[in-house]
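As structure tokens, the structure follows; a few thoughts come after it.
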Amino acid sequence: MPDPSVPSHTLPPRQSQTGLPGQRWKWWHTAALALILAFFTWMAVWRPWSLYASWLVVVFALVGFIVIAGLGVTGVWRGAFIDERNMISLSRFQMLVWTVLVLSSYGAITISRAQTDALTALDVEVPHTLWILMGISTTSLVGSPLLKNTKKDPRLAMRPDDQVQALDSQREGLAAHVRVEGRIVSRKSIEDARWSDLFIGEEVSNAAHLNLAKIQMFFFTVLVVLSYGVAVGSLLLSTPNADALPDVGEGMLALFGISHGGYLIDKAVPSAPGT
């Protein structure tokens with residue numbers, strides 16, 4: 001029982017059995033995810049649509065699963081894209097987009113093959129270039145926080161007055177709305193995450209400026225995803241009995257690798273003050 005002599009505003013937040021303040025995950029999150037999984041099972045058994053239509057249905061189902069899971073864990077719809085700095089992460093965004101595109105294509109073909117030969121349904125050929133592309137995406141997802149952690153060293157931090165001046169010179173009042181570890185800027189609350197985080201810098205000196213390496217990686221990602229999505233759609237429309245995913249192509253793979261290389265190098269090199 002709460003102590004009536006203690007003002008309510010001074011009481012600690014309600015604790016769950018796990019010791020975490022107020023669980024965000026509700027019963028309907030579990031029910032929604034279970035419904036999506038049941039829907040996949042139904043599709044695998046009956047598949048009432050064409051191969052192309054099945055692919056589109058799987059895409060929307062996967063997106064729904066990711067959004068609902070992110071909402072249940074973080075309390076915001078964009079939660080799956082938010083990193084440990086309470087900011088929307090470009091590496092998370094591109095990895096989730098590729099996961100949905102590749103997994104939906106593989107799943108649609110597998111479901112189709114299961115109708116005629118369940119034993120070999122999973123024997124879908126995946127081109128080596130696609131494996132390399134997914135490896136590049138995973139490297140960015142894992143390498144990005146590792147590189148940022150090296151800049152969180154307290155020895156790299158600016159003097160408090162200089163830090164406030166550097167932040168507020170970019171946007172008035174910015175210093176009051178963020179926290180800083182070493183050189184890295186984070187938002188104070190997960191609810192503060194914005195889609196503009198995809199394009200802005202991560203250090204004290206560029207926290208409110210466009211980051212060209214991020215913009216380049218974003219456009220390359222969109223270009224390659226759209227191109228590969230069109231290739232998948234054309235394959236599934238023209239080949240009802242498809243047994244392989246489309247090849248990415250060496251040229252497309254090179255563009256993708258260059259954009260990710262520039263993205264990681266930009267994270268590794270400290271931003272100079274005033275840039």
Side-chain angles (χ1 to χ4, degrees), residues 78 80-99 102 129-160 162-171 174-175 177-188 190 192-225 248 250-275:
R78 55 194 179 279
F81 303 96
I82 300 174
D83 63 11
E84 69 282 356
R85 298 185 304 120
N86 292 327
M87 302 182 76
I88 293 181
S89 165
L90 181 57
S91 57
R92 277 176 173 252
F93 171 80
Q94 60 91 25
M95 187 64 188
L96 284 171
V97 169
W98 273 111
T99 297
V102 174
T129 51
L130 188 57
W131 287 119
I132 296 174
L133 183 147
M134 295 298 292
I136 293 173
S137 297
T138 303
T139 299
S140 288
L141 181 66
V142 176
S144 177
L146 290 177
L147 293 172
K148 281 183 288 192
N149 284 339
T150 64
K151 298 181 182 180
K152 291 182 179 180
D153 190 332
R155 293 172 296 182
L156 299 177
M158 302 169 63
R159 292 189 307 170
D162 293 339
Q163 180 176 286
V164 171
Q165 182 179 0
L167 290 169
D168 287 351
S169 66
Q170 298 172 61
R171 183 183 301 159
L174 178 60
H177 293 88
V178 299
R179 66 173 185 266
V180 179
E181 298 178 79
R183 289 178 175 266
I184 298 297
V185 173
S186 305
R187 296 194 187 276
K188 293 183 177 180
I190 202 167
D192 294 334
R194 297 290 182 268
W195 289 108
S196 59
D197 297 339
L198 292 172
F199 310 112
I200 62 176
E202 300 165 341
E203 300 184 34
V204 174
S205 58
N206 62 4
H209 293 283
L210 286 174
N211 183 290
L212 295 183
K214 283 188 171 185
I215 292 175
Q216 182 192 62
M217 178 173 161
F218 176 81
F219 278 114
F220 273 124
T221 298
V222 171
L223 174 64
V224 177
V225 166
V248 174
E250 298 292 344
M252 188 181 296
L253 189 63
L255 288 175
F256 199 69
I258 290 172
S259 67
H260 279 259
Y263 173 74
L264 291 176
I265 291 173
D266 178 75
K267 287 185 178 295
V269 178
S271 176
T275 61

Problem set entry | Chi angles and distances behind the side chain to side chain contact (heavy atoms under 4.5 Å, CB included) call for M87, I82 | CA-CA 5 Å; M87 302 182 76; I82 300 174; 5.9 Å; no
For this session: Inspect the surroundings of CG in L223 and state if more than 12 heavy atoms from other residues, nucleotides or ligands are less than 6.0 Å away.
Result: yes
Exercise. Taking all atoms of both residues into account, what is the closest heavy-atom pair of L167 and A207, and its distance?
Worked result: CD2-CB, 4.1 Å
For this session: State the CG-CG distance between L96 and L141, to the nearest 0.5 angstrom.
Result: 8.0 Å
Exercise. Below 4.5 Å, heavy atoms only, C-beta onward: do V185 and N206 meet side chain to side chain?
Worked result: no
Exercise. Under 3.5 Å, is there a donor-acceptor pair between the side chain of Q170 and the main chain of A208?
Worked result: yes
For this session: Indicate the ring-plane relationship of F81 and F93, choosing parallel, tilted or perpendicular according to the 30° and 60° boundaries.
Result: tilted
Exercise. Any side-chain heavy atom of Y263 within less than 4.5 Å of one from S144?
Worked result: yes
Seminar exercise, completed: Tightest non-hydrogen contact, residues L264 and G143, listed as CD2-C, 4.3 Å
Exercise. Between L133 and V224, is a side chain to side chain contact (heavy atoms under 4.5 Å, CB included) present by the stated rule, with each step listed?
Worked result: CA-CA 10 Å; L133 183 147; V224 177; 4.1 Å; yes
For this session: Identify the two heavy atoms, one from I88 and one from A193, that lie closest to each other, and give their separation to 0.1 Å.
Result: CG1-CB, 4.1 Å
Exercise. Side chain of S169, backbone of A166: donor and acceptor closer than 3.5 Å?
Worked result: yes
Problem set entry | CZ/R171: more than 12 non-hydrogen atoms of other groups inside 6.0 Å | no
Exercise. Can you list every pair that meets salt bridge (Lys or Arg N to Asp or Glu O under 4.0 Å) and has a residue in residues 206-225, with sequence neighbours left out?
Worked result: E202-K214
For this session: Identify, with sequence neighbours excluded, every residue that meets side chain to side chain contact (heavy atoms under 4.5 Å, CB included) alongside A268.
Result: L147
Exercise. Going by heavy atoms in the side chains, are I200 and N211 under 4.5 Å from each other?
Worked result: no
Exercise. Looking only at heavy atoms, which two atoms of K188 and V178 are closest? And how far apart?
Worked result: CE-O, 3.3 Å
Exercise. Who are the salt bridge (charged side-chain N to carboxylate O under 4.0 Å, His left out) partners of D168, not counting sequence neighbours?
Worked result: none
For this session: Report the residues that fulfil salt bridge (charged side-chain N to carboxylate O under 4.0 Å, His left out) with D83, sequence neighbours left out, ordered by chain and then residue number.
Result: R85, K148
For this session: Specify the closest pair of heavy atoms between G262 and A213, including all atoms of both residues, with the distance to one decimal.
Result: O-CB, 4.0 Å
Exercise. Stepwise, does the side chain to side chain contact (heavy atoms under 4.5 Å, CB included) test hold for D192 with N86?
Worked result: CA-CA 7 Å; D192 294 334; N86 292 327; over 6 Å; no
Exercise. Is the side chain of D162 donor-acceptor paired with the backbone N or O of M158 at a distance under 3.5 Å, no angle test?
Worked result: no
Problem set entry | Stepwise side chain to side chain contact (heavy atoms under 4.5 Å, CB included) check, M252 with F256 | CA-CA 6 Å; M252 188 181 296; F256 199 69; 5.8 Å; no
For this session: With rounding to the nearest 0.5 Å, note down the distance linking CH2 in W98 to CG in L130.
Result: 7.0 Å
Exercise. Which residues pass the ring-ring contact (aromatic ring centres under 6.0 Å, His included) test with F199, sequence neighbours left out?
Worked result: F218
Exercise. To the nearest 0.5 Å, what is the distance between OG1 (T139) and CD1 (I132)?
Worked result: 11.5 Å
Seminar exercise, completed: Checking Q94, H260, R92, K267 against S140 for side chain to side chain donor-acceptor pair (under 3.5 Å), the one that qualifies is H260
Exercise. Would you say the side-chain atoms of T129 pair up with the backbone N or O of V248, donor to acceptor, closer than 3.5 Å?
Worked result: yes
Problem set entry | All side chain to side chain contact (heavy atoms under 4.5 Å, CB included) counterparts of R194, not counting sequence neighbours | R78, R187, S196, D197
Exercise. Which heavy-atom pair separates D266 from K151 by the least distance, and what is that distance?
Worked result: O-NZ, 3.9 Å
Seminar exercise, completed: Value for OG (S186) from CZ (R179), rounded to nearest 0.5 Å, stands at 5.0 Å
